[in-house]
Amino acid sequence: MTTECIYKFVEEQQPPSLNKKIYRSKYDPKGPLIGSTFGMHGTNAINGKGFHDLKKNHVVRASFGRKSEAPNPKIFLRKGSHATNIPLVEHHNRQKDFHKPPVPSRDDRPVKGFKTSKNFVNSNALEVINSSPKTRKSDEVRLHDEYGKVPSYLSSVKAAIEHEKKIVETFVAEQYGPSEAEDTQVMDETERIYLINKLKQRWDDVNSVYQKNCHKVMLDTPGEIKRKASQEAELKQLEKDIEMLSRPGP
């Protein structure tokens, strides 16, 4: 039994195409581009005419640089046309002048047992003592009218400073009364000795406490560090006070 069908001989109707028609502009695509300024820099063309109109009716007004000419296809860049002939460098052997002595070789052995009896300290001292002082190249710079004299402006500056100092002293005296130097009086000898004995007694007390902890090299707590520092400061202050009171009076 055959499987032929008569419908395959009937022409089928093609469905309509769904693609839209391509847009075609009504203007000439090869015409000048109106309003373009492309390629107009350096020419006498008016803006808005387009590049095609520029090529037809206008010339380039550049007055320097390479001329803009159409390339010739027969004249093209060839290999080695722009190369320059560099002369060959003549090598010559230079004499090597060593400014420093050469590095010793691995086979050199240092000189051992060499000693000198020169005393460099004494020799340097004698060299400095016997040397003459350096002289100036020229003393003409110092030989002017005001050399070695006090400038005149310093006297006026010192006078102004002294005047201001007196004004400040008078103001302080008026505000705070007389100075402390005028209110001082000589200490009695018995009182001075009494103070010295009390300071020495206080120094012994602080020192006895300080000697208990001064042998420690590593201090464990911050309190021990602070306590040791305060004891040392107090001992130094007591020693200064005792020394000041022990000096003979005026």
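Just so you know, residue 1 is the first one in the sequence shown, and it goes up from there. Reckoned from all heavy atoms, side chains included, excluding hydrogens, waters and symmetry mates.
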From [atom1] ([X]) to [atom2] ([Y]), nearest 0.5 Å:
| X | Y | atom1 | atom2 | result |
| --- | --- | --- | --- | --- |
| Q201 | L238 | CD | CG | 11.5 Å |
| K198 | L245 | NZ | CG | 14.5 Å |
| I193 | E191 | CD1 | CD | 11.0 Å |
| S246 | M244 | OG | CE | 10.0 Å |
| K165 | E162 | NZ | CD | 6.0 Å |
| L199 | Q237 | CG | CD | 10.0 Å |

Least distance between heavy atoms, F76 atom then P73 atom:
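For F76 versus P73, the nearest heavy atoms are CD2-O, 3.7 Å.
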Taking all heavy atoms of E232 and all of Y210, pick out the closest pair and write down the distance.
OE2-OH, 2.8 Å
Is there a donor-acceptor pair under 3.5 Å between the side chain of [X] and the backbone N or O of [Y]?
| X | Y | answer |
| --- | --- | --- |
| S131 | V128 | yes |
| N207 | W203 | no |
| D108 | S105 | yes |

Does E127 CD have over 12 foreign heavy atoms under 6.0 Å away?
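No, CD of E127 has 12 or fewer neighbouring heavy atoms, counting only those of other groups under 6.0 Å.
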In the single-linkage hydrophobic clustering (I, L, V, M, F, W, Y; side-chain heavy atoms under 4.5 Å), do I242 and L195 co-cluster?
yes
Co-membership, hydrophobic cluster, residues V150 and I161, 4.5 Å side-chain:
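Hydrophobic grouping puts V150 with I161.
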Looking at R192 and E189, does any basic side-chain N land under 4.0 Å from a carboxylate oxygen?
yes
